[in-house]
Peer 1: 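This is the structure I want to talk about, given as structure tokens.
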Amino acid sequence: MAEAKIYADLKSDHDRHRELLAKLGETSGDSEDRRTLFEAFRVEVTAHAAAEEESLYAEMLGNPDLRDEARHSVSEHKEIDDFLGELADIDMSSSAWKRKFDDMRHRYEHHIDEEEEEMFPAAAEELSAATEKKLAKTFEANKPKEKEAAIANPQSDERE
């Protein structure tokens with residue numbers, strides 16, 4: 001059976017996030033590259049997490065067999081959001097920024113690996129094809145709106 005579109009959409013975003021993290025990890029100092037890549041990552045991850053919570057997670061929270069996994073992932077989204085806020089407030093040229101970034105990268109990559117290897121297969125077993133199709137539509141409709149909101153609401157105004 002082919003992978004449902006909702007999981008393919010989410011995995012595609014994860015692949016983009018991994019790519020941005022790898023590029024960010026190669027930057028140094030308070031460079032234009034680092035600033036641009038960090039902002040792109042922040043916007044992408046923020047929009048992705050919100051749209052994922054409004055679609056797949058909302059459905060999973062309503063299913064007793066999937067609820068614990070959804071709650072766990074929502075808490076990890078909050079953790080990553082906290083990391084992003086902390087990173088926005090640290091001088092990008094400092095070693096503290098790089099250490100915090102490396103920690104956030106490790107936590108985020110663990111989170112998306114866990115989703116792909118455990119949560120998506122568990123959801124696929126429980127959710128009907130019709131539900132998965134509806135979730136993909138919800139995700140695809142909400143992500144652009146969430147992206148606009150993330151662009152309009154930067155983490156910190158102190159760096160301007």
Side-chain angles (χ1 to χ4, degrees), residues 3 5-61 67-123 135-136 138-160:
E3 185 176 82
K5 184 146 179 48
I6 183 63
Y7 311 118
D9 286 349
L10 296 170
K11 172 86 167 68
S12 176
D13 277 5
H14 291 170
D15 290 344
R16 169 100 173 106
H17 301 164
R18 286 181 181 101
E19 182 182 311
L20 286 168
L21 286 168
K23 288 179 180 177
L24 249 172
E26 295 170 3
T27 65
S28 61
D30 189 356
S31 65
E32 188 60 35
D33 261 1
R34 181 173 275 183
R35 286 182 174 275
T36 301
L37 288 166
F38 177 72
E39 181 60 9
F41 178 76
R42 184 195 68 79
V43 167
E44 284 292 325
V45 164
T46 301
H48 169 89
E52 185 175 44
E53 288 174 15
E54 294 160 356
S55 58
L56 181 61
Y57 288 9
E59 186 69 31
M60 291 177 69
L61 286 167
R67 188 172 295 139
D68 287 345
E69 288 180 348
R71 284 182 179 150
H72 175 74
S73 286
V74 168
S75 73
E76 288 183 342
H77 280 185
K78 171 70 170 102
E79 179 185 19
I80 298 305
D81 189 58
D82 290 346
F83 270 115
L84 293 173
E86 291 171 30
L87 283 164
D89 290 335
I90 298 174
D91 177 357
M92 282 189 165
S93 63
S94 72
S95 60
W97 192 93
K98 181 69 166 115
R99 282 191 306 275
K100 182 66 71 174
F101 168 78
D102 289 343
D103 194 17
M104 184 272 303
R105 180 180 181 179
H106 172 78
R107 293 295 301 137
Y108 186 69
E109 288 176 340
H110 167 79
H111 166 74
I112 58 180
D113 288 346
E114 196 172 58
E115 281 187 334
E116 292 171 7
E117 295 165 13
E118 297 171 25
M119 186 201 300
F120 297 171
L135 296 176
T138 301
F139 178 81
E140 291 166 0
N142 289 3
K143 188 172 174 213
K145 295 176 212 168
E146 294 296 347
K147 195 169 185 175
E148 284 180 27
I151 291 168
N153 297 299
Q155 287 280 354
S156 173
D157 294 329
E158 294 174 19
R159 297 182 305 142
E160 293 183 346

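Model, not experiment: these values are computed from the prediction.
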Peer 1: Mind checking whether Leu87 and Trp97 have side chains closer than 4.5 Å, heavy atoms only?
Peer 2: yes

Peer 1: Give a yes-or-no answer on whether the side chains of Asp33 and Ser31 include a donor-acceptor pair shorter than 3.5 Å.
Peer 2: no

Peer 1: Under the side chain to side chain contact (heavy atoms under 4.5 Å, CB included) rule, what do Glu79 and Tyr108 come out as? Steps first, then yes or no, please.
Peer 2: CA-CA 9 Å; Glu79 179 185 19; Tyr108 186 69; over 6 Å; no

Peer 1: Measure the shortest side-chain to side-chain distance between Lys11 and Glu115 over non-hydrogen atoms and say whether it is less than 4.5 angstrom.
Peer 2: no

Peer 1: As a quick check of understanding, evaluate side chain to side chain contact (heavy atoms under 4.5 Å, CB included) for Asp15 and Arg18, giving each step before the final call.
Peer 2: CA-CA 5 Å; Asp15 290 344; Arg18 286 181 181 101; 3.1 Å; yes

Peer 1: Quick one: do Lys23 and Glu26 make a salt bridge, cutoff under 4.0 Å?
Peer 2: no

Peer 1: Calculate, to the nearest 0.5 Å, the distance between atoms CG and CZ belonging to Leu10 and Phe139 respectively.
Peer 2: 5.0 Å

Peer 1: Taking side chain as C-beta onward, heavy atoms only, is Ile6 less than 4.5 Å from Ser55?
Peer 2: yes

Peer 1: Taking atom CD1 of Ile112 and atom CD of Glu76, what is their separation to the nearest 0.5 Å?
Peer 2: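 Taking CD1 in Ile112 and CD in Glu76, the distance rounds to 11.0 Å.
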
Peer 1: Would a distance-only check, ignoring hydrogens and angles, find a side-chain to backbone donor-acceptor pair under 3.5 Å from Arg99 to Ser94?
Peer 2: no

Peer 1: Under 3.5 Å, side chain of Arg105 to main-chain N/O of Gly25, donor-acceptor pair present?
Peer 2: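 Looks like no, no N/O pair under 3.5 Å.
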
Peer 1: Under 6.0 Å from the NE2 atom of His110, do we count more than 12 heavy atoms belonging to anything else shown?
Peer 2: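 Enclosed: over 12 neighbouring heavy atoms sit under 6.0 Å from NE2 of His110.
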
Peer 1: For the CD atom of Glu44 and the CZ atom of Arg42, what is their distance to the nearest 0.5 Å?
Peer 2: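 Between Glu44 CD and Arg42 CZ, I get 11.0 Å after rounding to 0.5 Å.
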
Peer 1: Write down the atom of His14, the atom of Glu116, and the distance for their closest heavy-atom approach.
Peer 2: ND1-OE2, 2.7 Å

Peer 1: Do Glu109 and His17 touch side chain to side chain, with heavy atoms closer than 4.5 Å?
Peer 2: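 No, side chains not in contact.
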
Peer 1: Is Lys143 salt-bridged to Glu52, cutoff N-O under 4.0 Å?
Peer 2: no

Peer 1: Any chance the rings of Phe41 and Phe101 have centres within less than 6.0 Å?
Peer 2: no

Peer 1: Could you go through Glu146 and Thr46, starting from their C-alpha distance and side-chain angles, then the distance that decides it, and tell me whether this counts as side chain to side chain contact (heavy atoms under 4.5 Å, CB included)?
Peer 2: CA-CA 8 Å; Glu146 294 296 347; Thr46 301; over 6 Å; no

Peer 1: Of all the heavy-atom pairs spanning Ala88 and Phe38, show the shortest one and how long it is.
Peer 2: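 Nearest heavy atoms, Ala88 then Phe38: N-CZ, 4.1 Å.
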
Peer 1: Between atom CG of Leu37 and atom CD of Glu32, what is the distance when rounded to the nearest 0.5 Å?
Peer 2: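 Rounded to the nearest 0.5 Å, the CG-CD separation comes to 10.0 Å.
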
Peer 1: Indicate yes or no: does Lys78 engage Asp82 in a salt bridge with an N to O separation below 4.0 Å.
Peer 2: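 So Lys78 pairs with Asp82 through a salt bridge.
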
Peer 1: Quick one: CG on Leu24 to OG1 on Thr36, what's the gap to the nearest 0.5 Å?
Peer 2: 10.0 Å

Peer 1: Begin from the C-alpha positions of Arg35 and Thr27 and carry the test side chain to side chain contact (heavy atoms under 4.5 Å, CB included) through to its verdict.
Peer 2: CA-CA 9 Å; Arg35 286 182 174 275; Thr27 65; over 6 Å; no

Peer 1: On a heavy-atom basis, which atom in Glu69 and which in Ala122 lie closest, and how many Å separate them?
Peer 2: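 Shortest heavy-atom contact: OE1-CB, 3.4 Å.
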
Peer 1: What is the minimum heavy-atom distance between Ala49 and His77, and which atoms define it?
Peer 2: CB-ND1, 3.4 Å

Peer 1: Side chains of Glu114 and His72: donor-acceptor distance under 3.5 Å anywhere?
Peer 2: yes

Peer 1: Output the distance between atom CZ (Arg71) and atom OG (Ser75), rounded to the nearest 0.5 Å.
Peer 2: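 Going from CZ on Arg71 over to OG on Ser75, the span is 11.0 Å.
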
Peer 1: Give a yes or no on whether a salt bridge exists between Arg107 and Glu86, defined as a side-chain N under 4.0 angstrom from a carboxylate O.
Peer 2: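 Judged by the 4.0 Å cut-off on N to carboxylate O distance, Arg107 and Glu86 do not form a salt bridge.
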
Peer 1: Please examine the side chains of Met104 and Leu21, heavy atoms only from C-beta on, and report whether any two atoms are closer than 4.5 Å.
Peer 2: yes

